[in-house]
2 protein chains.
Amino acid sequence: MTLKELSNILGLSPTTVSRALNGYPEVSEATRKRVAAAAREHGYAPNTRARSLATGRAMAIGHVIPISAKHEMVNPVFGDFIAGAGEVYSRNGYDMLLSVVPDDDEDSAYRSFITKRNVDGIILHAPTLNDPRIPLLNSLGLPYVVHGRSSDTDASYAWVDVNNKRAFQRATEFLLDLGHRRIALVNGLEHMDFAIRRRAGYEAALTARGITPDAALMFAGEMTEAQGHDLTRTLLAQPNAPTAILVSSMITAIGVRRGIEEMGLRMGRDVSLITHDDELSYFRNGADIPVYTATRSSVRDAGRKAAQMLIDIMQHRDSPREILLEADLTLGLSTGPATPLHAGTR
Amino acid sequence: MTLKELSNILGLSPTTVSRALNGYPEVSEATRKRVAAAAREHGYAPNTRARSLATGRAMAIGHVIPISAKHEMVNPVFGDFIAGAGEVYSRNGYDMLLSVVPDDDEDSAYRSFITKRNVDGIILHAPTLNDPRIPLLNSLGLPYVVHGRSSDTDASYAWVDVNNKRAFQRATEFLLDLGHRRIALVNGLEHMDFAIRRRAGYEAALTARGITPDAALMFAGEMTEAQGHDLTRTLLAQPNAPTAILVSSMITAIGVRRGIEEMGLRMGRDVSLITHDDELSYFRNGADIPVYTATRSSVRDAGRKAAQMLIDIMQHRDSPREILLEADLTLGLSTGPATPLHAGTR
DNA sequence: TTGAAAGCGCTACCAC
DNA sequence: GTGGTAGCGCTTTCAA
């Protein structure tokens, strides 16, 4: 069913039908009703391609999802972000275009979005320190919003971010309050902006209590299970092992837990683990493990906010261009002590 | 840069330039070279919208990602599947359109894809028992491939699936080999087809050893951490507790682990856990926990295969319409005994 | 081997 | 308030 066919059925011109359907004011109420009814009856919906060719707007937004070229891993938070953004898009009539590319070849994806002209805007994921894509997009002149921030960039840009620094600062403080002094940090790769901020929060909390961050307790790497496992075994086998571990990713945390298990240690008794994800919904059961954060829901919320911001930008609506979300922190109580561990405890 | 502008620069007609760029045979080699060079130089790429309006092909494929209306959770495997599919799409010039919808309102997404005519094909995710979307899509006449299968459906359809039954059968056999007799199953919701097949595998393995599946040890629910945690506590507090737990999801397994920790039990000593995900990469370290599967990579592979199959269908190419992938099983060895647990062990 | 022109389905300008 | 019509940028006959 095309606009022309529909207008023939109605005995109206395509012009009028189009106007009626698109809410133009100069159409009589009676006609509008009649047109709407006929459209519904015949299951008419405008052809997106034709419309966007005529209007010049693609009514679509592009997401470039980088995957680690090495591990072929997709960061699970993207799913949450995408879900939040998708909600807002569909409410506003936008389509979501996804482009999954190895993280060593992202530029081409952006350029292709632009030259093929099939999106009106872009969400930029996983920004790094001084991210080169920001000046690239600025020069290309395509509206965009960054999911995260990029430290050390001169360029200005619109962004939505979770307060990673504050979240990690609070988590660290929590462990300090429990008496822990040797707290390890298992972080993401530190060219990623979020990882830099998380470390900053961790260090700030330690420093505020007069503890000098110990390089031997800080790790940055790909957020895989294996990484978490291997690091944990190494860490806990040290003569001066940490009593608590702060982990930057749910996936890595699985490996960390396994490492702890393998060492024959018990969570909450021998070692405390805080993971940066919402493992908290069942905390009510009186677990003796400190539990922290809710990034999954924060990330979904960030998706909603970023999508709305981008739409506002594209439609020249005035609204904030920088949004910092708190990670909806919830901390549990631990009954576990903070005694040092020794090699070979197992 | 439009085709017309480019043709003006070259002193050729748009027709010729179009033909040269699209590999039509009647263009002279010299012209083709000249055109290609100019296109590259001026960064010309055809406007997707215009092209697809002219050809009638959208050059895009739609994915409808259902999210649990209750939990707002996105199944992490979608990320892996999408990544695999995206790879194939971009190699073949297709865009990927994502539509994230609550699982109680999926029909509208399919219909909208079709009426708006912005995709040439669809990948159907998360099929249920006798999934109504299959006849719907058959009647709509849009090419599609199912990621998974739908038991009890008369209709025929193209699909790519992982061998869930065999994977769970093997995992169960592995636990049986270790001496376990009371093995719990923490499964996904059993209107989902994959969950039905997993249970079938579990039951088949038990039955083959003369063990009658015990309804008190089988659970089906949303695959959340909380679910895994609560179930595990309940399970292990029973007088006749299981000695091993087979878990259907990486996320749920996190909760199960926590439940085990909270009960004061030790993995591999008091209880064995097998999770359906690739926790195996670091098994070489001599963990004493049985470890199983590699769905993440299988799922990515399924994404690739499904995308290719859909493209083949759309381009009327002959190829298999049903692909069953093995889950790339790797089983570790457990040193854990299979002794019964008692309430209050903690 | 190349080009002119129609048309994909829609919007938007200009008349009435 | 309604309708005619010229494009949007491309592909695809048909003619040369």
Side-chain angles (χ1 to χ4, degrees), chain A residues 1-36 38-39 42-60 93-95 112-120 315, chain B residues 1-36 38-39 42-60 93-95 112-120 315:
Chain A
M1 173 67 46
T2 70
L3 186 68
K4 201 168 157 192
E5 289 166 12
L6 187 65
S7 62
N8 280 340
I9 293 174
L10 283 161
L12 287 168
S13 76
T15 313
T16 304
V17 177
S18 168
R19 279 196 277 239
L21 257 24
N22 289 307
Y24 281 66
E26 63 265 46
V27 168
S28 82
E29 221 21 70
T31 317
R32 188 186 306 284
K33 285 240 164 59
R34 210 157 64 85
V35 170
H42 295 89
Y44 169 78
N47 179 319
T48 321
R49 311 267 151 178
R51 162 182 276 174
S52 70
L53 186 58
T55 57
R57 275 164 293 129
M59 291 309 284
Y94 284 90
D95 288 330
S112 127
F113 269 153
I114 289 158
T115 52
K116 289 161 70 186
R117 248 148 302 175
N118 48 186
V119 301
D120 300 319
Q315 302 183 351
Chain B
M1 175 67 46
T2 70
L3 186 68
K4 201 169 157 191
E5 288 166 12
L6 187 66
S7 63
N8 280 339
I9 293 174
L10 284 161
L12 288 168
S13 76
T15 314
T16 304
V17 177
S18 168
R19 279 196 277 238
L21 258 22
N22 290 305
Y24 281 66
E26 62 264 45
V27 166
S28 81
E29 222 20 71
T31 316
R32 190 188 304 285
K33 284 243 164 59
R34 209 157 65 84
V35 170
H42 295 90
Y44 169 79
N47 179 318
T48 321
R49 311 267 150 177
R51 162 182 275 175
S52 69
L53 186 57
T55 57
R57 275 165 293 129
M59 291 310 282
Y94 284 89
D95 288 329
S112 127
F113 269 154
I114 288 156
T115 53
K116 288 161 72 184
R117 250 148 303 176
N118 47 186
V119 300
D120 301 319
Q315 303 182 350

Asks: Can you name the side-chain contact (heavy atoms from CB on, under 4.5 Å) partners of B/Ala54, sequence neighbours left out?
Replies: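 Listed in chain order: nothing, the list is empty.
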
Asks: Between B/Val119, B/Thr115, B/Asn118, which is the residue that forms a side chain to side chain contact (heavy atoms under 4.5 Å, CB included) with A/Thr48?
Replies: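 It is B/Asn118; the other options fail the test.
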
Asks: Closest nucleotide of DNA chain C for A/Tyr24 versus for B/Val17: which of these residues is on the 5' side?
Replies: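 The answer here is B/Val17.
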
Asks: Going by salt bridge (charged side-chain N to carboxylate O under 4.0 Å, His left out), name the residues that satisfy it together with A/Arg32, two or more places apart in sequence or in a different chain.
Replies: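 With sequence neighbours excluded, A/Arg32 shows a salt bridge (charged side-chain N to carboxylate O under 4.0 Å, His left out) to A/Glu29, given in chain and number order.
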
Asks: B/Leu21 has an atom CG; how far is it from atom C1' of D/dT12, in whole Å?
Replies: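 Those two atoms, CG and C1', are 16 Å apart.
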
Asks: With a non-hydrogen cut-off below 4.0 angstrom, is A/Ser52 in contact with a base, only sugar-phosphate, or nothing?
Replies: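 It contacts nothing in the nucleic acid.
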
Asks: How long is the line joining CG of A/Asn118 and P of D/dG9, in whole Å?
Replies: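 Taking atom P of D/dG9 as the reference, CG of A/Asn118 is at 15 Å.
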
Asks: First and last nucleotide of DNA chain C touching chain B, 5' to 3', heavy-atom cut-off 4.0 Å?
Replies: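 First-to-last contact on DNA chain C, by the 4.0 Å heavy-atom rule, is C/dT1 to C/dG9.
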
Asks: What distance separates B/Ser52 OG from A/Leu53 CG, expressed to the nearest 0.5 Å?
Replies: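 Answer rounded to 0.5 Å: 8.5 Å.
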
Asks: What are the two closest heavy atoms between B/Ala60 and A/Arg49, and how far apart are they?
Replies: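 Answer, listing the atom of B/Ala60 first, then A/Arg49: CB-NH2, 4.0 Å.
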
Asks: Taking atom P of D/dG1 as reference, at what distance in whole Å does atom NZ of A/Lys33 sit?
Replies: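 In whole Å, D/dG1 P lies 14 Å from A/Lys33 NZ.
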
Asks: Bend angle of the helix from C/dT1-D/dA16 to C/dC16-D/dG1 from five-pair axes at both ends, rounded to 10°?
Replies: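 It works out to 40° between the end axes.
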
Asks: For A/Arg32 and for B/Glu26, find the nucleotide of DNA chain D with the closest heavy atom, then tell me which residue's nucleotide is more 5'.
Replies: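 Nearest nucleotide further toward 5': that of A/Arg32.
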
Asks: Rounded to the nearest 0.5 Å, how far apart are CD1 of B/Ile9 and NE2 of B/His42?
Replies: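 The NE2 atom of B/His42 is 4.0 Å from CD1 of B/Ile9, to the nearest 0.5 Å.
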
Asks: Minimum heavy-atom separation for A/Tyr44 and A/Thr2, please, with both atom names.
Replies: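 Here A/Tyr44 and A/Thr2 meet closest at CE1-C, 3.6 Å.
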
Asks: Kindly say if B/Thr55 contacts the phosphate of D/dT11, meaning a side-chain N or O under 4.0 Å from OP1 or OP2.
Replies: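 The answer is no; no side-chain N or O of B/Thr55 sits under 4.0 Å from OP1 or OP2.
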
Asks: How close do A/Met1 and A/Glu5 get, heavy atom to heavy atom, and via which atoms?
Replies: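 What the structure gives for the nearest pair is CA-OE1, 3.3 Å.
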
Asks: Please list, pair by pair, any protein nitrogen or oxygen found under 3.5 Å from a nitrogen or oxygen in nucleotides 4-7 of chain D.
Replies:
residue	atom	partner	partner atom	Å
D/dG4	N7	A/Thr15	OG1	3.1
D/dG4	O6	A/Thr15	OG1	2.8
D/dT5	O4	A/Thr15	OG1	3.4

Asks: Separation of A/Leu53 atom CG from D/dT11 atom P, in whole Å?
Replies: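 Distance check: A/Leu53 CG to D/dT11 P gives 12 Å.
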
Asks: Could you check whether any side-chain N or O of A/Ser7 sits under 3.5 Å from a backbone N or O of A/Leu3, counting only pairs where one atom can act as donor and the other as acceptor?
Replies: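 Yes, A/Ser7 side chain to A/Leu3 backbone: donor-acceptor pair under 3.5 Å.
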
Asks: What residues from residues 42-51 of chain B pass a heavy-atom cutoff of under 4.0 Å to DNA chain D?
Replies: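 Heavy-atom cutoff 4.0 Å gives B/Tyr44, B/Pro46, B/Asn47, B/Ala50, B/Arg51.
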
Asks: Which heavy atom in A/Arg117 sits nearest to a heavy atom in B/Asn47, and how many Å separate them?
Replies: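 Looking at all heavy atoms of both residues, the closest pair is CB-ND2, 4.2 Å.
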
Asks: Just verifying a value: how many Å separate B/Leu10 CG and B/Thr16 OG1, rounded to the nearest 0.5 Å?
Replies: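 Atom-to-atom, B/Leu10:CG and B/Thr16:OG1 are 10.0 Å apart.
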
Asks: Please name the pair of heavy atoms, one in B/Pro46 and one in B/Arg51, separated by the smallest distance, quoted to 0.1 Å.
Replies: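 For B/Pro46 and B/Arg51, the tightest heavy-atom pair comes out as CG-NH2, 3.6 Å.
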
Asks: How far apart are the closest heavy atoms of B/Ala58 and B/Asp120, and which atoms are they?
Replies: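 Nearest heavy atoms, B/Ala58 then B/Asp120: N-OD1, 2.7 Å.
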
